[in-house]
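See below for the structure under consideration.
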Amino acid sequence: MPSNISAGSGSGSGESGGVRSVQRAFDILSLLTENRRTLTIREVVDETGLAKTTALRLLQTLEHMGLLWATPKGYAAGPALWRWAHLARSAWELPPETVQLMRELSARHRETVNLYVLRDTHRICIAQQESPQPLRHVVRVGDELPLWAGASSKILLRDAPERLLARVARSSPYGEAHLTTLREWIGQAARDGFTVSHGEREPGLSAVAVPVVGGSGAIVAALTLSGPTVRFTEDRVEEFTADLREAAKRMSERGFDHPLT
């Protein structure tokens, strides 16, 4: 980003001040959601804790770059974001065959199907097919979830180096002691070829996950079915696992890639 963002930071100088200003600028952009299409200066000040003069300078810089657009109701997403959105879509968009496999899985089992990839100490949802049922588990494509629990985390961490496992453990509610549990989960996942979780991250939420393997044989993604624990009985989990494995095998055979591999 241009250096004029750091000039509006209101504090700090040099590299540290610039980095801080970039973070603050993206904090402002992240306030925009599907349910909130515009931002007022007062909302930015209240929710970021920035001084009004600092917030205004950052807003003006973002507007100058085309990332925000001033309207009578406040600042809206700017046209420059279209370019970024197009680049992201072209980089992350899945092949139609993969999308169809996920759609068929969701239709057969009436649960949410997700595809996750590893990024540092998080897993990122890169695709989703929602369950058609009123009570369902849903995340947004692009959401980052922690790695310290969940069926897909156990799959994605299978080949993780010890230093990453230690960082994941420290980021968990259980601290460094969680490292032992992570090792046990990963070992079980390697033996079984699939994983199951019940209420590990959210009470009442269950999931089943299997690995999607790349051309080198490394795990590149985790394919999951998730939903309310009450519907994830032992018999249903067996059905989910068998179908997930077949779908993941077909994905791997067709070739699966993403920007993080």
Side-chain angles (χ1 to χ4, degrees), residues 94 97-119 122-131 136-139 145-160 164-165 168 172 178 180-258 260-261:
L94 297 176
E97 297 85 355
T98 299
V99 175
Q100 184 61 29
L101 282 172
M102 294 179 64
R103 187 176 295 124
E104 291 170 356
L105 274 172
S106 181
R108 279 195 298 273
H109 299 295
R110 296 177 59 79
E111 300 295 353
T112 296
V113 180
N114 292 94
L115 198 61
Y116 291 97
V117 296
L118 181 71
R119 182 180 180 274
H122 292 80
R123 50 191 165 110
I124 303 175
C125 175
I126 62 170
Q128 175 174 261
Q129 292 293 325
E130 287 189 28
S131 164
R136 59 187 184 271
H137 176 237
V138 176
V139 300
L145 302 178
L147 279 171
W148 50 262
S152 59
S153 297
K154 302 170 190 177
I155 293 293
L156 294 173
L157 286 174
R158 194 186 74 179
D159 301 322
L164 176 57
L165 292 180
V168 171
S172 77
H178 192 50
T180 300
T181 301
L182 287 175
R183 290 179 182 137
E184 292 173 354
W185 283 346
I186 294 167
Q188 189 69 42
R191 290 190 295 273
D192 296 342
F194 70 95
T195 57
V196 181
S197 63
H198 296 293
E200 291 176 1
R201 191 174 62 85
E202 295 182 21
L205 173 64
S206 291
V208 182
V210 299
V212 177
V213 180
S216 66
I219 293 174
V220 294
L223 180 66
T224 74
L225 269 167
S226 61
T229 298
V230 66
R231 297 203 295 259
F232 277 59
T233 62
E234 186 173 341
D235 289 343
R236 291 290 284 158
V237 165
E238 287 186 13
E239 294 177 26
F240 296 159
T241 302
D243 213 356
L244 283 168
R245 278 178 153 169
E246 179 60 28
K249 178 183 176 183
R250 291 169 65 184
M251 288 183 187
S252 298
E253 289 173 347
R254 288 171 177 168
F256 179 82
D257 194 12
H258 66 85
L260 300 181
T261 58

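When a residue number appears, it is its place in the shown sequence, counting from 1. Only a predicted model underlies this, so the values are computations on that prediction, with no experimental measurement involved.
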So, [X] side chain and [Y] main chain: donor-acceptor pair closer than 3.5 Å or not?
{"X": "H109", "Y": "L225", "value": "no"}
{"X": "T229", "Y": "L205", "value": "yes"}
{"X": "T224", "Y": "V208", "value": "no"}
{"X": "S252", "Y": "A248", "value": "yes"}
{"X": "E200", "Y": "G150", "value": "yes"}
{"X": "S226", "Y": "A207", "value": "no"}

Answer yes when E239 and R236 have at least one side-chain N-carboxylate O distance shorter than 4.0 Å, and no when they do not. yes
Without hydrogens or angle criteria, can the side chains of R123 and S153 be said to hold a donor-acceptor pair below 3.5 Å? yes
Quick one: do the Q100 and E104 side chains pair a donor with an acceptor below 3.5 Å? yes
I would like to know whether F240 and F232 meet ring pair (Phe, Tyr, Trp, His ring centres under 6.0 Å); could you show each step before the answer? CA-CA 9 Å; F240 296 159; F232 277 59; 4.9 Å; yes
Rounded to the nearest 0.5 Å, what separation is found between the CH2 atom of W185 and the OG1 atom of T195?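 Result: 10.0 Å between the selected atoms.
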Of all heavy-atom pairs linking T112 and H137, the shortest is OG1-O, 2.6 Å
Heavy-atom pair with the smallest gap, counting every atom of C125 and V139: SG-CG2, 3.8 Å
Taking the side chain as everything from C-beta on, heavy atoms only, tell me whether I186 gets closer than 4.5 Å to L165. yes
